[in-house]
A.B. asks: 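Structure incoming, see below.
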Amino acid sequence: MNTMKRIIIIAMVALVSGGAMGYGEVYPANNDVRDTESLQRGAQLYFENCVGCHSLEYARYNRVARDLKIPEDLFERYLLDADRPIGDLMTNALSPALGSQFFGTEPPDLTLVARVRGTDWIYTLLTGFYKDDSRPYGVNNALYNNIGMPHAMVNQQGLCAEAPGADGCQEFAFEGSMSPDEFDLAMVDLTNFLDYMGEPIQLERQRIGWFVMAFLSVFLVFAWLLYRELWKDVK
Ligand code: HEC
């Protein structure tokens, strides 16, 4: 009886975790949220290629400008639609109903996607598009089979002829404006930006973390000196 129970539990866990979701293999993003230049490039890619469909509605433009050290006037000139105040939440004009009509499924808000899916998942998704004429947009995704999203960066990456594996795309149906290495870096930057987006405070937390470690190390020295001083006469 006990073994039976165990088998049932193991089968249920296996079913719920991964197997049943049908996602492919995930590859490491190796992004670094402390790399401000990478975050800036990622933000630019996001505002140029993704924000039309995916809002970031739990964050404000000026917070991003401040955290990523992008001067507000440059941010307004290059990254912001002319009619949006920089203090706005990053919603977009595509209503959920219209989105569902276009894509069969609503493009989700991506503010928290890195926390839900993880950065490796996002990176693998963004580098996983390939040619598949049986799909409505002519593309499929190695991680997310039958994804309802077009390949937003097809002009930059080109179109991979077959599902890319651990070594990336091996053969292109047609090439894009970026080299494979440039595209790969761009997707790391984009993933990095979404990682920051999901938890803006992590930039600050890491800075504070180092400060606390430094403080504790100095404190330790004094604590030890004090200890020696106090116990000197006792021993
Ligand atoms: C033309 C609209 C469109 C554009 C542009 C677009 N997406 Fe999407 N995206 C979608 C749709 C629709 C889905 C939902 C697909 C599904 O679930 O089948 C999606 C899903 C996703 C998901 C998966 C979310 C999840 O948790 O399931 C991620 C991550 C994502 N998009 C990132 C991006 C990034 C980054 C860009 C910019 C390079 C981008 N998208 C550009 C329409 C778009």
Side-chain angles (χ1 to χ4, degrees), residues 16-18 20-31 33 38-59 61 64 68 78-81 90-130 132 134-160 163-164 168-169 176-178 180 182-199:
V16 171
S17 64
M21 302 298 288
Y23 294 126
E25 205 177 325
V26 163
Y27 307 113
N30 295 327
N31 62 303
V33 284
S38 162
L39 291 177
Q40 291 173 343
R41 291 191 302 262
Q44 184 173 10
L45 286 164
Y46 194 88
F47 288 112
E48 284 173 3
N49 301 287
C50 320
V51 83
C53 288
H54 295 286
S55 57
L56 295 168
E57 64 185 18
Y58 304 109
Y61 296 106
V64 174
L68 271 49
Y78 294 111
L79 297 177
L80 198 62
D81 285 344
M90 299 188 278
T91 52
N92 63 17
L94 188 74
S95 72
L98 210 58
S100 309
Q101 197 181 327
F102 288 160
F103 308 112
T105 166
E106 177 189 330
D109 183 273
L110 295 184
T111 322
L112 298 173
V113 71
R115 297 187 49 188
V116 179
R117 301 291 206 179
T119 45
D120 295 348
W121 193 92
I122 296 173
Y123 166 77
T124 308
L125 181 84
L126 295 175
T127 50
F129 287 96
Y130 65 95
D132 180 351
S134 71
R135 299 292 305 154
Y137 301 111
V139 295
N140 209 330
N141 192 281
L143 174 72
Y144 191 153
N145 194 32
N146 294 347
I147 192 170
M149 165 172 149
H151 185 358
M153 307 268 318
V154 70
N155 292 333
Q156 291 91 332
Q157 185 192 18
L159 188 57
C160 200
C169 181
S177 60
M178 290 180 174
E182 282 169 349
F183 179 73
D184 195 68
L185 179 67
M187 294 308 100
V188 174
D189 292 339
L190 201 41
T191 303
N192 207 17
F193 174 67
L194 287 172
D195 190 6
Y196 147 77
M197 204 68 252
E199 214 184 343

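Whatever order the structure lists them in is the order used to number ligands and atoms, beginning at 1.
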A.B. asks: Look at the side chain of D132 and the backbone N and O of G138, then say whether any donor-acceptor pair between them is shorter than 3.5 Å.
C.D. replies: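 Such a contact is absent between D132 side chain and G138 backbone.
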A.B. asks: Check the orientation of F193 and Y46. Use parallel for under 30°, tilted for 30 to 60°, and perpendicular for over 60°.
C.D. replies: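 Answer is tilted, since the angle falls between 30° and 60°.
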A.B. asks: Could you tell me which atoms of ligand 1, counted from 1 in the order shown, lie closer than 4.0 angstrom to a heavy atom of A152?
C.D. replies: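 Those qualifying, in numeric order: 5 (C), 41 (C).
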A.B. asks: Can you list the ligand 1 atoms lying under 4.0 Å from a non-hydrogen atom of L125?
C.D. replies: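 Numbered from 1, ligand 1 contributes 22 (C), 23 (C), 28 (C), 29 (C).
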A.B. asks: Closer than 4.0 Å to some heavy atom of M153 - which atoms of ligand 1 meet that?
C.D. replies: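 Those qualifying, in numeric order: 38 (C).
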A.B. asks: Would you mind listing which atoms of ligand 1 come within a distance below 4.0 Å of any non-hydrogen atom of R117?
C.D. replies: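 Here the atoms of ligand 1 in question are 25 (C), 26 (O), 27 (O).
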A.B. asks: How about D195 and T119: does a side-chain donor come under 3.5 Å of a side-chain acceptor?
C.D. replies: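 Per modelled atom types, D195 and T119 side chains form no pair under 3.5 Å.
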A.B. asks: With heavy-atom distances below 4.0 Å as the criterion, list the atoms of ligand 1 near C50.
C.D. replies: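 In order of number, 34 (C), 35 (C), 36 (C), 37 (C), 38 (C), 39 (C), 41 (C).
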A.B. asks: Report yes if W121 has an N/O atom closer than 3.5 Å to an N/O atom of ligand 1; otherwise report no.
C.D. replies: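 For ligand 1, there is no N or O atom that lies under 3.5 Å from one belonging to W121.
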A.B. asks: Please state whether the separation between atom 8 (Fe) of ligand 1 and some N/O/S atom of H54 is under 2.8 Å?
C.D. replies: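 It does: H54 brings an N, O or S atom closer than 2.8 Å to atom 8 (Fe) of ligand 1.
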A.B. asks: To the nearest 0.5 Å, how far apart are OH in Y130 and CZ in R135?
C.D. replies: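 If we round to the nearest 0.5 Å, Y130:OH and R135:CZ are 9.5 Å apart.
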A.B. asks: Mind checking the OH-OG1 spacing from Y144 to T124? Nearest 0.5 Å is all I need.
C.D. replies: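 Reported to 0.5 Å precision, the distance equals 14.5 Å.
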A.B. asks: Where on L45 is there a heavy atom closer than 4.0 Å to ligand 1, on the side chain, on the backbone, on both, or on neither?
C.D. replies: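 No part of L45 is near ligand 1 at this cut-off.
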A.B. asks: Going by side-chain contact (heavy atoms from CB on, under 4.5 Å), name the residues that satisfy it together with V188, two or more places apart in sequence or in a different chain.
C.D. replies: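 For V188 the side-chain contact (heavy atoms from CB on, under 4.5 Å) partners, ignoring immediate neighbours, are N31, Y123, D184.
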A.B. asks: Any atoms of ligand 1 less than 4.0 Å from a non-hydrogen atom of L110? List them with their elements.
C.D. replies: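 Contacts of ligand 1 toward L110, numbered from 1: 30 (C), 32 (C), 33 (C).
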A.B. asks: For the 3.5 Å polar cut-off, considering only N or O atoms, please tell me whether G148 and ligand 1 meet it.
C.D. replies: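 Such a contact does occur with ligand 1.
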A.B. asks: Any chance you could measure M178, atom CE, to M187, atom CE, to the nearest 0.5 Å?
C.D. replies: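 Rounded to the nearest 0.5 Å, the CE-CE separation comes to 6.0 Å.
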A.B. asks: May I ask whether G52 has any heavy atom positioned less than 4.0 angstrom from an atom of ligand 1?
C.D. replies: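 False for this residue.
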A.B. asks: At what distance, to the nearest 0.5 angstrom, does CG of L56 lie from CG of D109?
C.D. replies: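 Result: 6.0 Å between the selected atoms.
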A.B. asks: With backbone taken as N, CA, C and O and side chain as the heavy atoms from C-beta onward, which portion of V113 lies under 4.0 Å from ligand 1: side chain, backbone, both, or neither?
C.D. replies: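 Contact part for V113 vs ligand 1: side chain (C-beta onward).
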A.B. asks: Can you name the atoms of ligand 1, numbered from 1 with element, that are less than 4.0 Å from a heavy atom of L190?
C.D. replies: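 Matching atoms, with element in brackets: 35 (C), 38 (C).
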A.B. asks: Quick one: which of P150, A114, C53, P108 has a heavy atom closest to atom 2 (C) of ligand 1?
C.D. replies: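 It is C53 that holds the nearest heavy atom.
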A.B. asks: So do M153 and F129 actually touch side chain to side chain, heavy atoms under 4.5 Å?
C.D. replies: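 No, their side chains stay 4.5 Å or more apart.
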A.B. asks: Near I147, which atoms of ligand 1 are under 4.0 Å from a heavy atom of that residue?
C.D. replies: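 Checking each atom against I147, I get 15 (C), 18 (O).
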A.B. asks: Just distances here: any N/O of Y144 and N/O of ligand 1 closer than 3.5 Å?
C.D. replies: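 So ligand 1 has an N or O lying under 3.5 Å from an N or O of Y144.
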A.B. asks: Check A59 against M197 and note the closest heavy-atom contact, atom names and distance.
C.D. replies: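 Closest heavy-atom pair between A59 and M197: CB-CE, 3.1 Å.
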